[in-house]
Amino acid sequence: MSAEQRPMSRLGVVDEIFLRTHRGMGTPIALQGLWRTADRVAPEVLEKVHAALRTGPLGRRVVRARVPGARPYWRANVNAHPLAVTEHALPADEVLNWADEQGFDLDPEYGPGWRLATATLADGGSIVALTCSHVLADGRGLAIAVDQALSGTTAAEIGVPQSNQMPLGTAAAEVGAPRSNQALSAAMAAEVVALPSDQSLSGTTIAEGIAQQPDQSLSGTAIAEGIAQQPDQSLSGAMTAEIGAPQSDWLDAWRQWGIILGGTARALRRGVPKPPSTSAPDRPGPARTCGVVLEIPAADWERTAAAHGATANSLFVHLIAQMLWHSGFDGPEIVASIPVDTRDEPRVDNDMSMTEITVTRSDTAATVREKCRAAYEYRMSSPGGLPEEILQVLPARTAHALTRGAGERDVLCSNIGPLPTTLTHLGPHPCLGVAARAIHPALTPPLPRTRLSAYLSHLSPAYTLALTSLDPTHIQSPTALTDLAHTTLTTYNLTPTFW
């Protein structure tokens, strides 16, 4: 099956949240995988990887549906940015600045939404960066896409992921938390419809938002009539799979509006409570970020976790909270946002949800472990049972107002988990280090609530920790962030090696 023939799939609620950030509503996010090699990677090796990525699951773009209420869908897109090659050698202290620059001009809607780039290093090696819009995939999804490309998986075997689920992750597996296949699970259910403190969600608000869509008839009658115009078609799953994008828009709209109208009616009968505010005031200041990447021997990390009664993941969360306090953060507690992977099979999409814990100054790595365990097991529904699908029919700015700050807390602790072993080589070239992180291209004031983002991955024999500071007041440079990380880690007898 060619890329153009792969079956269509629809965007989920999380996909559309990231699509709005791409359009300037929220904090822009791109995901990035980085490889460091001891010798220069031959261009023909990277061209083969580039070709595999182009026809794989990252080779797609968002197409807007033509029927009110139908979700946008994915269409194969084999067009790609050419392999970007930087010939001049980069010194070590310029590598991450170079990597940050690879996030420009990524467009998941009109394409291409990803870029593969490489540069030579002053020590004779190479740095390779794969950067993609967060609309296309989350961190685990990006790793799966690379694994498929490097292992020679064909486009027919890859397929286009069914991106109709909202998620939960890697860290959950560590503490035995159940995984959910529901559209909206865990804390994200409440977050994606959480309102700023001066807003409430009422039937009037919903109606006004829907009314802002010009020249569109949103009535159930109109949708039913549209479906009726398609002879000999039923609403069966088989028919949905068989028909193409335009015709199935009617079927998807029927499904969406059925969920929304029925769920909203039930919620309004019960009375939709005003959710507590979870967002912090906007932070003014320069939109400047800085980052560092470091490695710690896996045996040392796991030994330290066990010595403190923690898991590798809860030690991670505890250390990031300590780093923020050491930076000068003066709050009595730190709220950590924790993405959780919900895949029941390898898929390249945004298959994750969010949960959170509150860390106090008296917490230890062991108490953080218990808080994480409780957070992963706790499943919240949207306020008053309101269906999250309503976010997919409201105008973009109205939906953004209802989801503003979703997932943003004082720190972000994203445990991407074990990386595929295929990532240890690029063709015949062994990798000295592999890192996964997020970057924020075209970030503008005001700054998000998140002050420190951290991304942990494991590829034997090391854990790799990528840190990004969004707090230019307390962490003003990569040197300051390096010193902060070194001080915190060595307190726990962990010796980092910085890229």
- Evaluate the side-chain contact (heavy atoms from CB on, under 4.5 Å) criterion for residues R343 and R140: first the C-alpha distance (whole Å), next the side-chain angles of each, then the deciding distance (0.1 Å), finally the verdict. CA-CA 9 Å; R343 287 173 177 79; R140 170 55 53 181; 3.4 Å; yes
- Going by an N to O cut-off under 4.0 Å, is there a salt bridge joining D349 and R60? no
- Query: D483 and H486: side-chain donor and acceptor closer than 3.5 Å?
  - Reply: no
- Query: Can you tell me if T367 uses its side chain to pair, donor with acceptor, with the backbone of T364 under 3.5 Å?
  - Reply: yes
- Decide whether S314 and T311 meet the rule of one side-chain donor and one side-chain acceptor closer than 3.5 Å. yes
- Could you tell me whether R23 sits above the aromatic face of F18, with NZ or CZ closer than 6.0 angstrom to the six-membered ring centre and within 45 degrees of the axis? no
- Flag side-chain contact, heavy atom, 4.5 Å: L319 against L465: no
- Message: Can you confirm if the aromatic rings of H81 and F104 lie within a centre distance of less than 6.0 Å?
- Response: no
- Message: Checking the side chain of Q102 only, and the main-chain atoms of W98 only, is there a donor and an acceptor separated by less than 3.5 Å?
- Response: yes
- Consider only side-chain N and O atoms of E408 and T27, and report whether a donor and an acceptor are under 3.5 Å apart. yes
- Do D15 and N350 meet the criterion of a side-chain donor-acceptor pair at a distance under 3.5 Å? yes
- Would a distance-only check, ignoring hydrogens and angles, find a side-chain to backbone donor-acceptor pair under 3.5 Å from H134 to A137? yes
- Verify whether one side chain among N415 and Y463 offers a donor that lies under 3.5 Å from an acceptor in the other. no
- Item | Check: S126 side chain, T37 main-chain N or O, donor-acceptor pair, under 3.5 Å | no
- Check whether the side chains of T488 and H326 place a donor and an acceptor atom closer than 3.5 Å, and report yes or no. yes
- Query: Looking just at side-chain N and O atoms, do T131 and Q32 make a donor-acceptor pair shorter than 3.5 Å?
  - Reply: yes
- Task: Measure centre to centre between the rings of H50 and W114, then say whether the value is under 6.0 Å.
- Result: yes
- Please determine if R36 forms a cation-pi arrangement with W499, meaning its NZ or CZ atom is less than 6.0 Å from the six-membered ring centre and no more than 45° off the ring axis. yes
- Query: Can R409 and E333 be counted as an ion pair, charged N to O under 4.0 angstrom?
  - Reply: no
